[in-house]
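Keep in mind it's a predicted model, so treat the numbers as computed, not measured. The figures that follow rest on heavy atoms only: side chains count, while hydrogens, waters and symmetry mates do not.
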Amino acid sequence: MKTYTYTEKKDTRSGFGAGLTELGRTNPNVVALCADLIGSLKMDQFIKENPERFFQIGIAEANMMGIAAGLTIGGKIPFTGTFANFSTGRVYDQIRQSIAYSGKNVKICASHAGLTLGEDGATHQILEDIGLMKMLPGMTVINTCDYNQTKAATIAIAEHNGPVYLRFGRPAVPIFTPEDQKFEIGKAIKLTEGTDVTIVATGHLVWEALEASKALYEQGISAEVINIHTIKPLDEKAILDSVSKTGCIVTAEEHNFLGGLGESVSRTLALHKPTPQEFVATNDTFGESGTPAQLMEKYGLNSASIVEKVQAAIKRK
């Protein structure tokens with residue numbers, strides 16, 4: 001069994017900051033906008049090196065989306081930065097009308113997503129943003145798993161023509177993907193080979209899925225773990241190829257089970273290969289205040305929950 005280790009933990013938002021800084025050095029059309037959260041979005045170095053290509057909009061997120069849409073008309077590639085809650089729910093009308101409807105080349109970059117925003121509580125945590133964004137025609141939706149992948153994704157989306165929602169987080173998480181990776185939008189990554197169950201995970205739950213696969217191996221269960229960093233467009237072939245071999249699947253995400261990765265996978269299975277599926281996700285609820293670790297445990301978003309759901313899925317084969 002292939003195992004993964006790490007030597008360092010780092011927040012994925014810093015991966016975004018590093019990727020944006022690199023783009024500032026290599027792509028003169030890249031500009032950045034922020035809604036008064038420069039430090040939280042790790043935009044400092046980009047601003048230091050490219051002050052004329054940065055726009056501080058203040059606490060006016062709807063205006064930020066409108067300005068970003070306008071900048072694309074002149075050939076610029078705007079990257080907007082604020083918390084995931086304010087990047088989606090607060091400005092949904094502006095994204096729908098000014099960006100998605102006309103296919104504007106705006107990169108909506110959202111930090112502090114999911115429960116792991118932690119102590120700021122339910123009003124700032126968002127567990128429905130993936131659903132909001134994936135329902136918009138033409139919107140690409142990406143949810144990265146570690147620092148290296150977030151940096152690579154940030155660089156890659158600058159080359160993609162069209163609106164993108166890039167989701168990342170605040171807490172330090174294990175770095176386990178290659179530093180020199182090539183990020184391919186819409187291409188899933190098989191992390192481990194398995195024969196008994198498919199575990200499809202995204203974002204912070206990818207590492208938890210790898211930890212679960214080790215625990216399952218000790219129980220004699222062979223798990224195939226797939227990193228779905230791109231939720232839309234979904235790599236349906238990777239999923240269908242895997243379940244054809246394993247016969248059951250567990251989806252894992254730091255998001256409401258309504259509207260998230262799990263539902264996209266369910267649609268694929270219903271259309272092409274009905275397969276027993278279990279969900280690791282929040283269950284139609286808001287979050288609450290607490291440390292990221294406390295919240296992930298309470299809401300069942302960890303390796304232990306994945307192991308439990310795998311056992312349930314296997315029984316349904």
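- Judged by distance alone, the side chains of Q294 and Y299 never bring a donor and an acceptor atom under 3.5 Å apart.
- Under a 3.5 Å cut-off, the side chain of R316 and the backbone N or O of Q277 do form a donor-acceptor pair.
- Residues K245 and E224 are paired through a salt bridge, judged by an N-O separation under 4.0 Å between the basic side chain and the carboxylate.
- Between the side chain of N256 and the backbone N or O of L127 there is no donor-acceptor pair closer than 3.5 Å.
- For OH of Y217, the number of neighbouring non-hydrogen atoms (other residues, nucleotides, ligands) closer than 6.0 Å is 12 at most.
- For the residue pair K273 / T275, no side-chain donor-acceptor distance below 3.5 Å is found, with atom types taken as modelled.
- Across all their heavy atoms, I77 and A158 have their closest contact at CD1-O, 3.7 Å.
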Tell me, with the steps shown, if R53 and F46 meet side-chain contact (heavy atoms from CB on, under 4.5 Å).
CA-CA 9 Å; R53 288 156 60 188; F46 176 90; 4.2 Å; yes
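- Between the side chain of H229 and the main chain of K187, a donor-acceptor pair closer than 3.5 Å is present.
- Crowding of Q181 atom CD: a count of heavy atoms from other residues, nucleotides or ligands under 6.0 Å exceeding 12.
- Centroid-to-centroid, the aromatic rings of W207 and Y6 come within less than 6.0 Å.
- Tested against T177 for a side chain to side chain donor-acceptor pair (under 3.5 Å), the candidates D146, T144, N227 yield a single pass: D146.
- Placement of L210 and L216 within a single hydrophobic cluster is found when ILVMFWY residues are connected by side-chain heavy-atom separations under 4.5 Å, directly or transitively.
- Considering only residues two or more places apart in sequence or on other chains, F16 meets the ring-ring contact (aromatic ring centres under 6.0 Å, His included) condition with F168.
- Residue E179 places its CD atom among 12 or fewer non-hydrogen atoms of other residues, nucleotides or ligands, all under 6.0 Å distant.
- Annotation: cation-pi pair K10/Y147 present, NZ/CZ under 6.0 Å from the ring centroid and within 45° of its normal.
- No donor-acceptor pair closer than 3.5 Å links the side chain of K42 to the backbone N or O of G15.
- A salt bridge is absent between R167 and E254; no separation between the charged side-chain nitrogens and carboxylate oxygens falls under 4.0 Å.
- Taking every heavy atom of both residues into account, K190 and T192 meet most closely at CG-O, 3.5 Å.
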